[in-house]
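Each remark here refers to the structure printed beneath this line.
A, B, ... follow the sequence lines: proteins, then strands. Residue 1 opens every chain.
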Amino acid sequence: MELLRKLDPKLAEFIMHVQIPNNYGVLISRTEDPVLTIDNKIMWSIYDPHKHARTFVERCLKINPPVNNTVTVVGFGFGYHIEELVNRGISVRVIEPDAAIFRLALEYRDLRNILDVCDLTVGTSMTIQAHFGNTLWYFYPKKDRTIPEPRLSAAQPKNDASGGWKQALSPNSLNILVVSPIYGGSLPIARYCNNALRRIGHLSTLWDASVFEKPFRMALELDIDRNNKKILCDLFQHLVSEMIVASCAERRPDIVLCLAQAPLSLHALDRLRESGITSAFWFVEDFRHMQYWKQYAPAYDFYFTIQKGEFFEQLKHLGTHNYAYLPVAAAPEIHKPLQLNPDERAYYGSDLSFLGAGYYNRQCMFRGLLDFDFKIWGTEWDRQSILWQRVQKNGERINSEESVKIFNATKININLHSSAYYEGIDPEGDFINPRTFEIAACGAFQLVDERREIDAFFLRNKEIVTFSSLEDLREKAQYYLYHPEERQKIARAARQRIINEHTYEHRMRELCAFIFDRKPEVYAQTQGKKLLIRDVNSFCKEHPETRSLLEEVVARGLHPDIDGIVTTIRLREGEMQYPEALFMILKEYQTLVKEHLW
Amino acid sequence: MKRILVIQLARIGDIVQSMPMLQSLKRHMMPCRISMLVNKKFADICRLMPCLDEILEIDFNAIGRYFFGKNASLEHAYSYIKHFYGDIQKNDFSEVINITPHYIGIFSAFLTKTAPEPKRRLPWELFFKTITRQWNVLPYHLSDLFKNIAGMPPSPEQVQLKINENDFAWADNFLHSHNMAGRDSFLVGLHPGASTPDKQWPLDSFMQLGKYLLSDKTIRIIVVGDDIRSDANFSLGVRCISAVGKTSLSQLAALLKRMDVFITNDTGPMHIAAACGTRTISIHMGKETCFTTGPYTTRGFAVQPFLDCHPCQYPERCMRQICKSYITPELLYALIRLIRDNQRSGEHELTHFSDRAVVYRGGFDPYGFFDWYPVTRKKINVDALVRPLMRILWKCAFDNMTGTTIPCVVFDDALHSLAETLGQFYEPDPDIFNQLSTLNYALHEIITLSRQGINLCKDILRYAPNAMRNYQHLKQRASETEAVDRRLVAWRERMPLMALLIDMFFAERQESKGNDITQVAYDARYAYETLYFRARMLQQMCSRYPELKQTTGTQKHSMVVGI
């Protein structure tokens, strides 16, 4: 760690604050070297880690030899393979997406020989970017998160013509169309995804289907035969679906990312596939409650879920190929600590509050909280129920802005995951709802019901507090109401965890990495668009007629790729010059060849 | 000797449709040497064209590799293109004719030119650029459009591909080895494939037609094309063989030449068959229409669905695709029998199908423009009337170079010839007057709007010398001009027949090279005046239809161009 402080103080500071998840562990091998375990799975040889490293490196060298004696390795692990490479005199660039693994490696191994000779990036999912660099080796035992099984493989570089991965990191890497549902809980998530994709450098556009909410609800509320209504709704969905396909035909996105209940028909998906557009779906709902996914899951190229285990079995059975676990997250630009004025604090604040729809289990359990200063916000609460007196704003829908104020103003936010069957906590509950992340991102305190996956995201009692029954909830609520410092400490830690690991930017990086991993040609096509003139000066020496044009491209802050050059030509005035026409025709040829129109 | 470069970077069909233009060039520009720039992939078909002296091939696949291949490199792509066009420029062509419906053609023309463009072709180039956005309003056959672009006068051209003896020998051997070469046998070629699904008549319909044909013992069927699916699925017995994927382009041409009839979707082989002189029956569905891309041959029949939505504007998105079911195997079988037995009386049989599909025969109008005429008499409609009028309008407007007037003699002559021709193939229909009245109203509005535009531009020109002082006036006139333009756009949408007229107006407006307000206003006024005169001409022509009516329908029903 001291060496790291000298080499990269910022990284050292970052690593110092990384929490080690409970499911990460260390075993000692027969050669008395430490070996990483995740969920009790051993990630490297328990017999002889150094020998394993030798065979691994030899195999990788054979499959994928280094270019210019340099390799990029995704996955640091405990660094045995990196050590082996360094010993062989090979320059190494390492990307470790999981900062917790790197921290463990620092704690258990002496890495002085490695750290001062290799180029290290820690803490972000850089797989995509890495593939645009030199020879790439892929060692990425990333738990059971986005990639369903730990992987150990060597992969070919997909494109090494761009002159280094940093250039490939230029903005607008992918053209993505995010399709929102007409209404529902995943609507704001679509917006968060779109913003996150933009922030991580993609050219993302939101296809906001929510503009159709009013006419769609009108169709739903028509007083007509049920079957006719269904036909009408199907036709409506078909119209919206056609509009989405038409947009795709115009914009030619690389990926269409649909959020749960996005109105895209199976026929439309077929046509997207025929057009060579990759489709992805993020099913941010409970697979046990919804059934439509069975029909749609195999039709998408990529399917992301917030549940795994049994759900994965069913997806596999249905013939869905590329599915992966991708939990929801928070959007810190929206979900953030706020300074509320006294009026707002009085209006939105209370000792306990709940924000969400009036599901059956909530109706049952919250009856036991009526002796607290307890406010309920949200829709679908029973007006006849005794709880109605606690429902705020006459049971209207609460927008994102107000929800952040509520989270901030409340001393203890109750977060009870929904269930239509159970009277209290769902014993089968596995996934974590967006509210958990959102409350945490606001720096607010929450009591959340017991969920199977909670430990993968937060440290129990340090970053989050759970309850297992009404009695438990009451007891903990009482305790934390009288211990505000503890509340604030836990809330701060939870927020830090969110910022470090659970934002939509993290999720979108993981989603893109998974798509790239399974279908690298999506990026390869984009790279085609991004061919650069690597050395402008030597190019201008060879083709002096291009000098003024390329100088102007650079002066405008554009990349000297075909798009940057064509943009500059379009901005220029006067008669077209010969080199300009050459670049313009190149652009036209590129489009023709790409679309096979000749 | 003149050196002419023709840029044709489209697919096989368009290349073959360039032949009438090349033939006409060769005849009118004698002595000349004609070179053609083509995609290397389709260069083989050019070798069969007798009018071509040189073929320049650009390798699209190589360019593709520079962009998407393993060693993709923008530097290499630039060097390749620079040297390629640099070499062409060294040929010092005296004339460059671009007939590629794409920006690639425009840039290629720019990059290969050494001399300035002859003035007469400029309006046609603009017309070509405008029409590529909406082929379905083109009043000319594509071959005639190419001739117009090249500055050639309309004239009936009979084109013929030059097939060498080896290819004929291969075709004869192929037929012989499959017992297809009997003296009494009637060889029918089928081409079920197409480049896009919307152009494709269903395979089941082709199969059904094949079964009908094989009920006649003397008929033999050869399936051609390069779509393996049609080959695999086409097994109708020993009298039906497949040459799919077995021929080069020149061998295909030789084989097509040996056929008695060739039944095909709107594809490249259709044009090759037509250029071989083979009798063709082409099926045009989706966005394809015989009037623009049908086979350029008087030995051709074209079948089209009788539907308001044809030609389709959105073929890729159409969910109904009923145009495919409107053309039945029974109709085509009746047509083949008609051709085979050469029985004029058989035309009555075709009328059974006339409510769903129309059979056209290729021919030339009195001016020498290629057109399609219904085999069975059909009620006249405004499309059939306006299409030939538009041909005359554009030809006179561009080639007379007055830009605004057509000599009266041409005008009357045109109308008279039109009346005669229409009378032979169409029945009078009282509803045409309602349609003409709607058209007349639209033209009247366009004329009014263009007058307003002219006056506004005049005002702008008046205020322009003291622009600072008259800023408010100028601003008001400019916004009024925009309002006029918006209303013109609205008419374009309401009356698709007028789309080309209005699009050409906007295209000419965009051509304005002016930097100052005076020049812009001057160019705009010229564009409004041009629109005004064109709309008036068309209005006058349409208003003379009652006179045409006197002659329409009085003629005997006979073909202008026989088989």
Once side chain to side chain contact (heavy atoms under 4.5 Å, CB included) is applied, do any residues pair with A/V536, and if so which ones, sequence neighbours excluded? A/I533, A/C540, A/L550, A/P560
Check whether any side-chain heavy atom of B/F110 lies under 4.5 Å from a side-chain heavy atom of A/I585, and answer yes or no.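 No, too far: nothing below the 4.5 Å cut-off.
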Sub-4.5 Å side-chain heavy-atom contact between B/I81 and A/Y589: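 Yes, side chains in contact.
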Answer yes or no: does atom CZ of B/F506 have more than 12 heavy-atom neighbours from other residues, nucleotides or ligands under 6.0 Å?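 More than 12 within 6.0 Å, yes.
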Neighbour count above 12 (heavy atom, 6.0 Å) for A/H543 NE2: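 Yes, enclosed.
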Checking A/E542 against chain B: side chain, backbone, both or neither under 4.5 Å from a heavy atom? both
Relative to chain B, which segment of A/Q577 carries a heavy atom at a distance below 4.5 Å: side chain, backbone, both, or neither? backbone
Checking heavy atoms, do the side chain of B/I58, its backbone, both or neither come under 4.5 Å from chain A? side chain
Identify which part of B/S108 has an atom lying under 4.5 Å from any heavy atom of chain A, answering side chain, backbone, both or neither. both
Minimum heavy-atom separation for B/L74 and A/I562, please, with both atom names. CD2-N, 3.9 Å
Yes or no on side chain to side chain contact (heavy atoms under 4.5 Å, CB included) for B/Y66 and A/L586, after CA distance, side-chain angles and deciding distance? CA-CA 10 Å; B/Y66 288 131; A/L586 270 177; over 6 Å; no
Look at the side chain of A/Y578 and the backbone N and O of B/L111, then say whether any donor-acceptor pair between them is shorter than 3.5 Å. yes
Check against side chain to side chain contact (heavy atoms under 4.5 Å, CB included), B/Y103 and A/M584: CA-CA 9 Å; B/Y103 277 108; A/M584 293 301 281; over 6 Å; no
Between the CD atom in A/E588 and the CD1 atom in B/I106, the distance rounded to the nearest 0.5 Å is 9.0 Å
To the nearest 0.5 Å, what is the distance between CZ on B/F84 and CG on A/L582?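 With rounding to 0.5 Å, CZ (B/F84) is 12.0 Å from CG (A/L582).
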